[in-house]
Visitor: 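Sharing a structure with you now.
In what follows, every chain begins at residue 1, and chains take the letters A, B, ... in the order their sequences are listed. Scope of the values below: all heavy atoms of this structure, side chains included, with no hydrogens, waters or symmetry mates.
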Amino acid sequence: MTSQSRETIALASEPPRARAIARPSLRQILIALAVLVAVVVPFVLKSFFIFQLTLVMVYGLAILGLNLLTGFNGQFSLGHSAFYGIGAYTAAILMEQLDIAYYWTLPCAGAVCFLVGFLFGFPALRLQGLYLALATFALATAMPQILKFHPLEPWTGGVQGIVILKPDPPSGVPLNADQWLYFFTLAVLLVMFAGAANLATSRTGRAIMAIRDHPIAAATMGINTALYKTLTFGVSALYTGVAGALGAIAIQFVAPDSFTFLLSVSLLVGLVVGGVGSIPGSLFGGVFVLFVPNIAERVSTGLAGAIYGVILLLVIYVMPSGAAGFVRFAATRLKSKGKLR
Amino acid sequence: MKKISRRSILAAAPSALVLTALPVRAEKQYGPGVTDTEIKIGNTGPYSGPASSYGTIPKAEAAYFRMLNDQGGVNGRKINFISYDDAYTPPKTVEQVRKLVEEDSVLLMLAPLGTPTNSAIQRYLNQKKVPQLFVATGATKWNDPSHFPWTMGWQPNYQSEGHVYAAYIMEHQPNGKIGILYQNDDFGKDYLKGVKDGLGDKAKSMIIVEAPYETTDPTVDSQIISMKSAGADVFVNTGIPKFAAQAIRKAAEVGWKPLHILSSVGASVGATLKPAGLENAKDLISAAYIKDPTDPQWKNDPGYQQWVAFMDKYYPEGDKTDAGNVVGPSFCQTLVQVLKQCGDNLTRENIMKEAANLHDFTVPMLLPGIKINTSPTDFAPIKQIQMARFDGERWTLFGPVLSGELSG
Amino acid sequence: MELLLQQVLAGLATGAIYASMALAVVMIYQAIDHLNFAQGEMAMFSTFLAWQMLQWGWPYWAAFVGAVVLSFVGGVAIERILFKPIQNAPILSQLAAFIALYGILNSSAGWIWDFNIKTFPSPFGSAPLFGERLVSTHQAGMIGVTLLMLALLYFFFRGSRLGLAMRAAATNPESARLVGIRVGWMIALGWGMSAAVGAVAGMLIAPVVFLEPNMMLGVLLYGFAGAVLGGLSSPGGAVAGGFAVGVIENLAGTFIPYVGRELKLTIALVLIVAVLMFKPSGVFGRTVVSRV
């Protein structure tokens with residue numbers, strides 16, 4: 001917020017310049033570069049690393065979902081593992097029990113999760129802060145129990161879970177299954193991240209953020225707080241649900257105990273590390289969540305959890321507002337240094 | 001890493017036939033991860049997370065291979081044991097196994113731990129034709145060579161153990177009312193199914209309380225009270241040590257003395273019965289296939305003494321009351337036998353062939369009379385267990401060695 | 001009827017575990033306005049320290065007092081060293097720091113003392129209470145100690161100057177500074193007290209559930225649920241909430257047919273959330289009215 005107002009002041013104080021051709025902003029250049037790298041990478045790296053990058057994107061998307069709710073709308077959620085799990089199981093059941101093609105599972109997972117999230121948003125309206133946290137935590141803890149529930153076993157596979165066949169690339173495309181899934185995930189990621197960015201800069205996005213910052217003022221201004229909050233819950237669940245479906249396809253397996261409360265905690269950590277309220281930060285959060293446990297394990301197998309904790313603490317000390325906050329901070333410092341010279 | 005393609009083998013076949021008539025050393029055939037001096041073996045286990053108490057099993061395996069390498073390895077090759085943490089979450093297991101197969105190029109996977117974790121990687125390993133040997137779980141589904149020719153179990157599976165208990169109940173308390181405590185996941189439900197199937201038609205009438213618990217439950221007191229209240233006089237206790245101990249203690253506290261059957265998972269004297277109170281555990285019935293290291297009757301047994309010496313030298317921080325530290329080295333010893341049988345033909349195909357070719361093989365910590373047997377249609381190496389009764393100090397084995405084989 | 005009574009009593013006994021944890025949770029919440037995820041692990045670590053002292057031959061009460069004192073000091077130290085640098089960071093970052101602390105404590109405990117269960121003695125013995133087999137002396141003792149701690153804390157916060165200063169520092173740090181209260185040290189004190197309460201809770205819980213590094217995860221979550229149910233601004237409410245959670249869960253598991261056994265945790269939580277619908281700040285909580 002502050003950096004944005006600083007930018008506005010900076011822009012206002014610049015002399016007017018005639019611009020014949022619109023120059024792409026630094027941000028747009030960086031995004032284009034990133035996409036270019038992302039497209040080239042699977043032809044250079046080995047299958048296993050491509051698989052890991054696919055998972056990074058999946059977690060990044062899941063964290064973006066959490067970000068929409070907590071970062072942009074200020075509603076605290078410990079329950080996103082439930083949405084991730086619902087998305088994953090939707091994909092698994094559709095693919096294995098009903099033989100539906102993998103690309104259709106994404107919109108279905110999204111729709112189911114939107115509905116669940118939206119419905120959950122109603123009771124959530126009454127709760128604030130830690131009370132809301134408990135309600136979402138209840139959702140997260142309930143999910144594995146429901147998935148293991150005996151009468152639902154013919155659909156969910158019960159405690160044994162469901163094994164999924166990895167989709168092959170369409171005939172004629174010279175990619176292996178890993179590469180194809182990578183590109184599929186990348187495409188979905190770009191679309192959904194663009195959607196979120198669009199949302200953030202739109203009127204709706206401003207309304208959502210206003211509710212976070214000053215709920216009473218927002219209501220006074222005529223924003224239908226209840227509607228926006230429940231819709232945000234739904235959209236947030238949708239994003240995480242689609243991520244769950246993609247994750248299930250990548251891992252090729254779903255089981256109830258993969259979607260416990262601990263997954264919610266991981267997503268929360270990723271959100272914080274990436275930067276609350278930052279869309280590109282969510283991707284950084286995905287990188288952290290996937291790779292840092294591996295790094296911690298390499299240091300010491302017995303104390304992996306402790307090393308992970310130490311790394312997390314260091315990250316928080318150095319970047320209290322997450323990676324995005326750090327980048328903003330560095331950018332502002334560089335800009336102001338430029339001005340003073 | 002030398003790899004000889006099938007085509008060249010076939011081309012060489014006629015001359016090979018001639019050569020085999022003469023006593024010449026067979027040509028070396030290597031799969032991935034094998035050199036003249038080294039064999040790479042992959043493993044995953046829960047070093048962190050809620051199941052971390054089982055993390056000692058891969059640690060014991062690593063220690064065993066250190067000992068083996070100090071003694072010269074197998075056929076002159078040392079074992080490079082690469083084990084990664086999967087925190088008992090299937091997505092992580094998939095990632096780590098892919099790393100082992102695609103980055104580290106291991107020859108085979110030895111004893112990956114857990115049922116959902118192994119389920120997650122089973123199809124992948126079979127597709128890639130990587131041996132998934134001696135999985136560290138008692139689930140029943142691993143004995144299925146026709147569908148999963150690269151996956152093999154090891155320990156007697158939970159369902160067959162359940163069958164054994166059901167048979168015992170039918171024999172000693174045919175009109176009994178049964179309460180069964182089980183963990184609400186795959187392993188617990190496998191036991192439940194085994195007992196139910198073993199009771200057959202009488203299951204519905206005999207089992208009056210089915211009491212699940214979650215690993216996040218602090219106690220199982222409520223379940224015990226329910227069973228006592230319902231009038232159960234048989235108690236099948238399939239909990240892991242923490243909950244099995246709580247159940248034993250609570251039953252004694254509330255003065256409930258049923259026919260108390262304890263599954264092998266929770267039967268360790270040191271890990272379960274001592275905390276529960278040895279006096280409370282008198283007359284407990286269980287079934288076992290390995291020697292309990294805390295049982296005084298094995299004090300002078302050479303197999304036990306070997307094991308203690310190994311633990312003292314190579315894994316001194318390991319807990320000698322933990323049965324996991326017995327099972328781990330036993331997996332390794334079985335693998336070593338397979339590797340020995342392979343000789344210099346260390347392709348993945350031959351590994352599976354020899355793994356399915358074990359006859360009456362034993363490892364030192366198996367109970368006397370229990371043998372490892374496999375064949376191309378039988379991927380359950382250990383099918384036998386023996387019943388035992390706790391007398392307040394040790395598990396006294398009784399009855400014949402029972403065979404409860406089942407395929408998944 | 002008898003089963004109902006037994007399950008209620010058993011629920012109260014288990015609830016005592018949750019109540020003592022809920023008390024520690026609320027204590028720190030009152031001091032710093034956040035939920036400390038690592039509370040359970042701190043309690044577990046304290047209990048292990050006590051166990052280690054017992055292994056070295058110290059008598060029970062020496063180990064008990066030793067662990068409580070060490071935990072108090074440790075709590076203060078953790079606050080001053082780990083959390084003071086980030087006290088101005090966004091709430092979620094502080095939350096992540098708690099998660100990091102959880103990982104560090106859990107992993108270290110497992111590494112130092114391994115994961116097998118250990119027995120921890122109870123100062124109350126475990127004989128049946130009044131000869132009745134439903135409640136043991138230990139469980140009665142646990143309930144008693146929890147209520148005693150609650151009473152002590154109540155009088156401390158209401159009746160002593162220091163307690164008043166702590167409450168002021170938590171409610172309105174700026175005004176508190178203006179009247180000369182050293183807010184930073186009040187927060188540290190809150191942490192220390194919370195850690196001490198947690199240590200007592202841990203040492204009462206361990207005899208029942210057996211001591212091992214993962215013993216507190218379920219307890220913390222139930223304790224949190226109890227605290228929220230009772231109201232995070234009310235220590236008495238939190239204790240009542242803890243007991244209530246224990247009873248609800250037991251009754252749900254025993255008496256609701258078909259679903260009860262498998263879904264008892266879910267049912268308990270759903271009930272709590274339903275209660276929160278009517279009383280969004282908890283049953284005994286104070287509703288905060290914010291002025292525009």
Visitor: Flag the pair C:M166 / C:M193 as yes when at least one side-chain heavy-atom distance between them is below 4.5 Å, and no otherwise.
Guide: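 Yes. Closest side-chain heavy atoms under 4.5 Å.
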
Visitor: For chain A, which candidate among C:L229, C:N106, C:L232 shows the most heavy-atom pairs at distances under 4.5 Å?
Guide: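 Of C:L229, C:N106, C:L232, C:L232 has the most heavy-atom pairs under 4.5 Å with chain A.
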
Visitor: Quick one: which of C:L101, C:L221, C:L95 has the most heavy-atom pairs under 4.5 Å with chain A, could you say?
Guide: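 The answer is C:L221.
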
Visitor: May I ask you to name which of C:A89, C:A96, C:P85 has the most heavy-atom pairs under 4.5 Å with chain A?
Guide: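 The candidate making the most pairs under 4.5 Å is C:A96.
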
Visitor: Backbone N or O of C:G190 within a donor-acceptor pair of the C:S194 side chain at under 3.5 Å?
Guide: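 Checked: no pair found.
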
Visitor: Is a side-chain donor or acceptor of A:R126 paired with a backbone partner of C:K279 at a separation under 3.5 angstrom?
Guide: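 Absent.
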
Visitor: Mind ranking C:I91, C:V270, C:L92 by heavy-atom pairs under 4.5 Å with chain A and telling me who comes out on top?
Guide: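 Result: the option with the highest number of such pairs is C:L92.
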
Visitor: Let me know if A:I311 has heavy atoms under 4.5 Å from chain C in its side chain, its backbone, both or neither.
Guide: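 Contact with chain C involves no heavy atom of A:I311 at all.
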
Visitor: Would you mind checking which part of A:L268 comes under 4.5 Å of any heavy atom in chain C, side chain (CB onward), backbone (N, CA, C, O), both or neither?
Guide: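 Only the side chain of A:L268 comes within 4.5 Å of chain C.
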
Visitor: Does anything in residues 276-284 of chain A reach chain C? List residues with heavy atoms under 4.5 Å apart, or say none.
Guide: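 Residues A:V276 are the ones that qualify, each having a heavy atom under 4.5 Å from chain C.
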
Visitor: Pick one of side chain, backbone, both or neither for A:A217, based on which atoms fall under 4.5 Å of a heavy atom in chain C.
Guide: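 No part of it gets close to chain C.
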
Visitor: Which residues in residues 14-25 of chain C have any heavy atom lying under 4.5 Å from a heavy atom of chain A?
Guide: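 Against chain A, none of the residues of residues 14-25 of chain C fall inside the cut-off of heavy atoms under 4.5 Å.
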
Visitor: Between chain C and each of A:A135, A:P123, A:S300, count heavy-atom pairs under 4.5 Å; write down the option with the most.
Guide: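 Greatest number of close heavy-atom pairs with chain C: A:P123.
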
Visitor: Is there a side-chain contact between C:P235 and C:L153 (heavy atoms, below 4.5 Å)?
Guide: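 Side chain of C:P235 against side chain of C:L153, heavy atoms only: no contact under 4.5 Å found.
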
Visitor: Taking ring pair (Phe, Tyr, Trp, His ring centres under 6.0 Å) as the definition, give me every residue that meets it alongside A:F326, ordered by chain and number, with sequence neighbours left out.
Guide: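 For A:F326, no residue satisfies ring pair (Phe, Tyr, Trp, His ring centres under 6.0 Å) once neighbours in sequence are set aside.
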
Visitor: Short question: side chain of A:T240, backbone of A:S236 - any donor-acceptor pair under 3.5 Å?
Guide: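 Yes, because the side chain of A:T240 sits within donor-acceptor range (under 3.5 Å) of the backbone of A:S236.
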
Visitor: Ring centroids only, cut at 6.0 angstrom: are A:F233 and A:F122 within range, meaning strictly under it?
Guide: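 For A:F233 and A:F122, the ring centres are not under 6.0 Å apart.
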
Visitor: C:Y29 versus chain A, heavy atoms under 4.5 Å apart: side chain, backbone, both or neither?
Guide: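 Side chain only.
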
Visitor: Do C:M42 and C:W191 touch side chain to side chain, with heavy atoms closer than 4.5 Å?
Guide: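 In contact.
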
Visitor: With no hydrogens and no angle check, just 3.5 Å: does a side-chain donor-acceptor pair link C:E212 and C:W113?
Guide: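 No - no donor-acceptor pair under 3.5 Å links their side chains.
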
Visitor: Could you tell me which portion of C:F98 (side chain, backbone, both or neither) has an atom closer than 4.5 angstrom to a non-hydrogen atom of chain A?
Guide: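 Contact with chain A involves no heavy atom of C:F98 at all.
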
Visitor: Taking atom types as modelled, is there a side-chain donor on A:E297 or A:Y308 under 3.5 Å from an acceptor on the other?
Guide: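 Result is no, nothing qualifies.
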
Visitor: About how many Å separate CE of C:M186 and CD of C:E79, when rounded to the nearest 0.5 Å?
Guide: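 Interatomic distance, C:E79 CD to C:M186 CE, rounded to 0.5 Å: 11.5 Å.
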
Visitor: Indicate yes or no: at least one non-hydrogen side-chain atom of C:M215 is less than 4.5 angstrom from one of C:T47.
Guide: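 The answer is yes, as the side chains (C-beta and beyond) meet within the 4.5 Å cut-off.
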
Visitor: Flag the pair A:L152 / A:L147 as yes when at least one side-chain heavy-atom distance between them is below 4.5 Å, and no otherwise.
Guide: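 No; the side chains remain at least 4.5 Å from each other.
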
Visitor: Could you list which of residues 62-84 of chain A have a heavy atom closer than 4.5 Å to any heavy atom of chain C, in residue-number order?
Guide: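 Within residues 62-84 of chain A, the residues that come under 4.5 Å of chain C (heavy atoms only) are A:T70, A:F76, A:L78.
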
Visitor: When heavy-atom pairs shorter than 4.5 Å are enumerated against chain C, which of A:G322, A:G325, A:G309 gives the highest number?
Guide: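 Top option by heavy-atom pairs under 4.5 Å: A:G309.
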
Visitor: Indicate yes or no: at least one non-hydrogen side-chain atom of C:E249 is less than 4.5 angstrom from one of C:Y222.
Guide: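 In contact.
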
Visitor: Can you tell me how the ring of A:F137 sits relative to the ring of A:F261, calling it parallel under 30°, perpendicular over 60° and tilted otherwise?
Guide: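 Rings of A:F137 and A:F261: perpendicular, over 60°.
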
Visitor: Any side-chain heavy atom of A:F288 within less than 4.5 Å of one from A:Y59?
Guide: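 With C-beta onward as the side chain, the pair stays apart.
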
Visitor: Backbone N or O of A:L227 within a donor-acceptor pair of the A:T230 side chain at under 3.5 Å?
Guide: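 Indeed, once roles are kept as given, a pair shorter than 3.5 Å links the two residues.
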
Visitor: Name the member of A:L313, A:I307, A:L303 that forms the most heavy-atom pairs with chain C at distances under 4.5 Å.
Guide: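 Of A:L313, A:I307, A:L303, A:L303 has the most heavy-atom pairs under 4.5 Å with chain C.
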
Visitor: Please examine the side chains of A:I295 and A:R298, heavy atoms only from C-beta on, and report whether any two atoms are closer than 4.5 Å.
Guide: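 No, every pair of side-chain atoms sits at 4.5 Å or beyond.
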
Visitor: Is it true that a side-chain atom of C:S46 and a backbone atom of C:S71 form a donor plus acceptor pair closer than 3.5 Å?
Guide: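 A pair under 3.5 Å: no.
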
